Every structure is written in structure tokens, then in C-alpha cells.
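So the structure is just underneath, and the comments pick up after that.
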Amino acid sequence: MSRCERIAELFDPEKARRAQELLSRLLWSGRLGELRRIGGVDVSYRGNLGVGALVIVTYPELEVISCRLLVREACVPYIPGLLAFRELEVIAPLLGEALRRERIDLLFVNGHGISHPRRFGLAAHVGLLFRLPTIGVARRKLVGEERRRGDITYIVHRGEEVAARLGRLYVSPGVGVTLEEALEVTRSVTKAGMPEPLRLADKASKAAIGGGKEGNCLRVLSS
DNA sequence: GCGACAG
DNA sequence: ATCTTGTCGC
């Protein structure tokens, strides 16, 4: 049995869900400080091999400051609601290394924030782990029902507005931002149907894993 | 039991 | 997310 299979074997979905319920109580909302540098993180896979990309850009100019890649095996399987336990195997070391070298005022994460069965989606998990303001951006809905209020479509789950639509995207707070703030900032950095740093991170990770097109990221870190 | 189900 | 051929539309 491989190292990865042993890790997958040890992963307990029920314990993971209980951990999310506990950790969700530690989230904070608050308001965003001054934004100068914002990031986007995404992971692409080939089998269990994950390539994480972190792109940092200036705000509001959206000029690329840095782009890093990290290759690592993701052993935990994908289970709806437990995405963080898979993606963090790649994102944690990638983000950890980056934060030792540069500052990030706000991070966009590919996935949901609090629009999650236990209010603790990937963006919330990342924000809490690194004490970093985060916003979750997802292409598909995980929980809740869409409800129009004024000219904005919100996602309501258990009577609470936990996300809002922006074009075809679902935007939800992770850590340190209100939903209104998340919507406003995300709108201001979305240029091609996706927040710019996330679009670049997606492109870089896909290219690195062998998608064919040329990438936009040079720095590659250890695996 | 059945449908829903981020990436 | 990834696998994977052809097809529809600008």
C-alpha cells in the first residue's frame, strides 16, 4: 500500500465534518483594510498529483507581482463538503511558503466560503488557517436556494444569505469580509468572467499540469 | 429510498 | 477536477 493510500485510509469524513463545525465558530467577519496586494489560488490535478498556483497582483491595477507553483500529491479523496481536506494538501505548503516572503491583503479561493453545509468551505478554511482575509468564488452552488432581493440574487441557506451571484459565479465570504464587501471587491477585479488573480492561477496550474497551452508562471517549488 | 453534491 | 469527439455558434 502506497503512502497516499494509507493517508486516504486514515481520513475520517465524520471527524472532518465535526472539525468543520467546531472551526466554523472561530470565523470572524469584520471589515477589509486597505488593499494593495491581492492573490488568487487554484489547484489542477492529474490523477492524485496536484499542481497549485498562487498569483499575486497589485490592486487596483491588477498587474502581476508574482506567480508560484507547487506540485504535491493530494491523497484525500474529493467528497462534497470536504473539498478543503483535499486541496489544502497542496494549498497549505504553497501559501505557507509564499507568506514567509510577501504580504497578501486579500486572497481569492476557488471554491465556497461560508456558503457551505457547516459554514466552513475551502475559503473559510484557508482564511482561518493563515489568518488572512479570503473570498470564495465558485462556479456551481453547493447549498442553499437562490433568492432575488433588489437587483442581486442571493443564496439563502437556513434563513441566512451566505453568498450572492455575480454573473455565473457564486461569491461568498471566507474570513474577514462581509458579503457586501466580497461582492463589491470581486466585481472590481473581475474582467473575463472570473476574478483576475483566480483566472491567472487557473491558467498557470492547468498549463503546468500539461494542458497544452503556454503558461504564465515561472517559479516552481518543491514537490 | 431518492436527489443534490464546491473542486 | 479530469476523461474525452464531435459539434454548434460567433
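The sequence lines fix the lettering, A, B, ..., with proteins before strands; numbering per chain opens at 1. The figures that follow rest on heavy atoms only: side chains count, while hydrogens, waters and symmetry mates do not. If you're wondering where the values come from, they're calculated on a predicted model, not measured in any experiment.
The distance between atom CZ of A/Arg17 and atom P of B/dA6, rounded to the nearest whole Å, is 13 Å. Going from atom CZ of A/Arg139 over to atom P of B/dA6 covers 13 Å, rounded to whole Å. One interatomic measurement links the two molecules: CG of A/Asp202 to P of B/dA6, which rounds to 17 Å at whole-angstrom precision. Atoms CG (A/Asp42) and C1' (C/dA1) sit 9 Å apart, rounded to a whole Å. Distance A/Arg140 CZ to B/dG3 P: 18 Å, rounded to the nearest Å. Atom pair A/Ile79:CD1 and B/dG7:C1' shows a separation of 13 Å (rounding to whole Å applied). One interatomic measurement links the two molecules: CD1 of A/Ile155 to P of B/dA4, which rounds to 16 Å at whole-angstrom precision. A/Lys206 places its NZ atom 11 Å from the P atom of C/dC3, with the value rounded to the nearest Å.
For the pair A/Arg139 and A/Leu169, the tightest heavy-atom approach, listed with the atom from each and the gap, is CG-CD2, 4.4 Å.
By the criterion of a centre-to-centre distance under 5.5 Å and near-parallel planes under 30°, the ring of A/Tyr78 forms no stack with the base of C/dA1.
Side-chain contact between A/Arg25 and A/Leu22: present, with at least one pair of heavy atoms (C-beta onward) separated by less than 4.5 Å.
Between the side chain of A/Glu89 and the backbone N or O of A/Val76 there is at least one donor-acceptor pair closer than 3.5 Å. Remark: the backbone N or O of A/Leu107 is not paired with any side-chain donor or acceptor of A/Thr134 at under 3.5 angstrom.
With distances taken from any side-chain atom of A/Pro80 to the nucleotides B/dG7, C/dT2, B/dC5, the minimum falls on B/dC5.
A/Leu49 comes within 4.0 angstrom of no nucleic acid atom, judged by non-hydrogen atoms across all strands. Within the nucleic acid shown, A/Ser115 has no heavy atom closer than 4.0 Å to any nucleic acid atom. Among the atoms of the strands shown, none is found under 4.0 Å from any heavy atom of A/Gly50.
In the hydrophobic cluster analysis, where Ile, Leu, Val, Met, Phe, Trp and Tyr join through side-chain heavy atoms closer than 4.5 angstrom, A/Val126 is grouped apart from A/Leu128.
A/Ser44 has no side-chain polar atom (N or O) that falls below the 4.0 Å cut-off from OP1 or OP2 of B/dG7.
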